[in-house]
K.L.:
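Let me begin by handing over the structure; questions about it come next.
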Amino acid sequence: NAGVTQTPKFQVLKTGQSMTLQCAQDMNHNSMYWYRQDPGMGLRLIYYSASEGTTDKGEVPNGYNVSRLNKREFSLRLESAAPSQTSVYFCASSEDWDNYGYTFGSGTRLTVV
Amino acid sequence: GESVGLHLPTLSVQEGDNSIINCAYSNSASDYFIWYKQESGKGPQFIIDIRSNMDKRQGQRVTVLLNKTVKHLSLQIAATQPGDSAVYFCAPRSRPLSSGSARQLTFGSGTQLTVLP
């Protein structure tokens, strides 16, 4: 039972480069989320998808785009990476948008130089 | 918006002792709260939740207490074990970010619990 799988685990980008963070869940959950975690801070919501076919902005969406490819997969794209986007990114899923017992992936550590 | 703080950023306890992790929240409209545990190098893991119509909820070795009057909750861990070493987050459910959007969790900065042998 894999749960939530994120790839890659580590990535270094140069300023201005683009990349996509991948996330897949195998629990048949309807809702999926992308968070970022900066040192000494809690998690901040970037985007979420309450159900397949829908996406909504979270607290810090600027500089990011998302795609809910199907029920299982929810990707996060950085079109032009900036040093301020250096962070650890977590994907999470839950049964539904009003179920807050999230299952998190193990994270992607991204460094933008 | 919601701000979530913790009384202590770090807490060290002896193995076998009880741990108490505190959390203050600002939004009196918060009606649901979750505690998450995050071990080093891993994603957060759900521990326990409590709704605002309760003032206490117990799980396996954990108890959460909610005081709505002073907007404070605490997580108590009984007989703390080395495996309890982690960062603990409280996360109140916040107002919707925009009209019609789903309510989201607001995570505090966390308390690092270290269990001493």
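Here is how names work: the chains are called A, B, and so on, in the same order as the sequence lines, proteins then strands, and each is numbered from 1.
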K.L.:
Measure the OG1-CG distance between Thr106(B) and Leu43(A) for me, rounded to the nearest 0.5 Å.
P.N.:
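Nearest 0.5 Å value for the OG1-CG distance: 11.0 Å.
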K.L.:
With side chains defined as the heavy atoms from C-beta onward, is the minimum distance between Phe104(A) and Phe46(B) less than 4.5 Å?
P.N.:
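No, every pair of side-chain atoms sits at 4.5 Å or beyond.
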K.L.:
Strictly distance-based, threshold 3.5 Å: is any side-chain N or O of Tyr100(A) a donor or acceptor partner for the main-chain N or O of Ala91(B)?
P.N.:
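No, the answer is negative, given that no donor and acceptor are paired below the 3.5 Å cut-off.
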K.L.:
Quick one: do Val60(A) and Val88(A) end up in the same hydrophobic cluster if we chain Ile, Leu, Val, Met, Phe, Trp and Tyr together by side-chain heavy atoms under 4.5 Å apart?
P.N.:
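As far as the 4.5 Å side-chain criterion goes, Val88(A) and Val60(A) are not connected within one cluster.
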K.L.:
List the atom of Ile34(B), the atom of Gly101(A), and the distance in Å for their closest heavy-atom pair.
P.N.:
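For Ile34(B) versus Gly101(A), the nearest heavy atoms are CD1-N, 4.2 Å.
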K.L.:
Could you state the interatomic distance from OH (Tyr35(A)) to CG (Leu105(B)), rounded to the nearest 0.5 Å?
P.N.:
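Separation between the atoms: 5.0 Å.
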K.L.:
Do Tyr89(A) and Leu45(A) belong to the same hydrophobic cluster, where Ile, Leu, Val, Met, Phe, Trp and Tyr are linked whenever their side-chain heavy atoms lie under 4.5 Å apart, directly or via other members?
P.N.:
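They do not share one cluster, since no chain of ILVMFWY contacts under 4.5 Å joins Tyr89(A) to Leu45(A).
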K.L.:
Do Leu73(B) and Leu11(B) share a hydrophobic cluster (ILVMFWY, side-chain heavy atoms under 4.5 Å, transitive)?
P.N.:
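In one cluster: yes.
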K.L.:
Go through the steps for Tyr48(A) and Gln104(B) under the test side-chain contact (heavy atoms from CB on, under 4.5 Å), then give the verdict.
P.N.:
CA-CA 9 Å; Tyr48(A) 68 98; Gln104(B) 299 300 332; 3.3 Å; yes
K.L.:
In terms of hydrophobic clustering (I, L, V, M, F, W, Y; side-chain heavy atoms under 4.5 Å; direct or indirect links), are Tyr33(A) and Leu76(A) co-clustered?
P.N.:
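No, no single cluster joins them.
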K.L.:
Tell me whether Arg44(A) at atom CZ has more than 12 heavy atoms from other residues, nucleotides or ligands lying less than 6.0 Å away.
P.N.:
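Yes - once you tally the heavy atoms of other residues, nucleotides and ligands closer than 6.0 Å, there are more than 12.
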K.L.:
Cluster question for you: counting only ILVMFWY and a side-chain heavy-atom cut-off of under 4.5 Å, with indirect links fine, are Leu65(B) and Leu113(B) together?
P.N.:
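Cluster IDs for Leu65(B) and Leu113(B) differ.
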K.L.:
Which region of Gln37(A), side chain (C-beta onward) or backbone (N, CA, C, O), has a non-hydrogen atom less than 4.5 Å from a non-hydrogen atom of chain B, or is it both or neither?
P.N.:
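Only the side chain of Gln37(A) comes within 4.5 Å of chain B.
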K.L.:
Counting only heavy atoms closer than 4.5 Å, note whether Phe90(A) contacts chain B via side chain, backbone, both or neither.
P.N.:
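Only the side chain of Phe90(A) comes within 4.5 Å of chain B.
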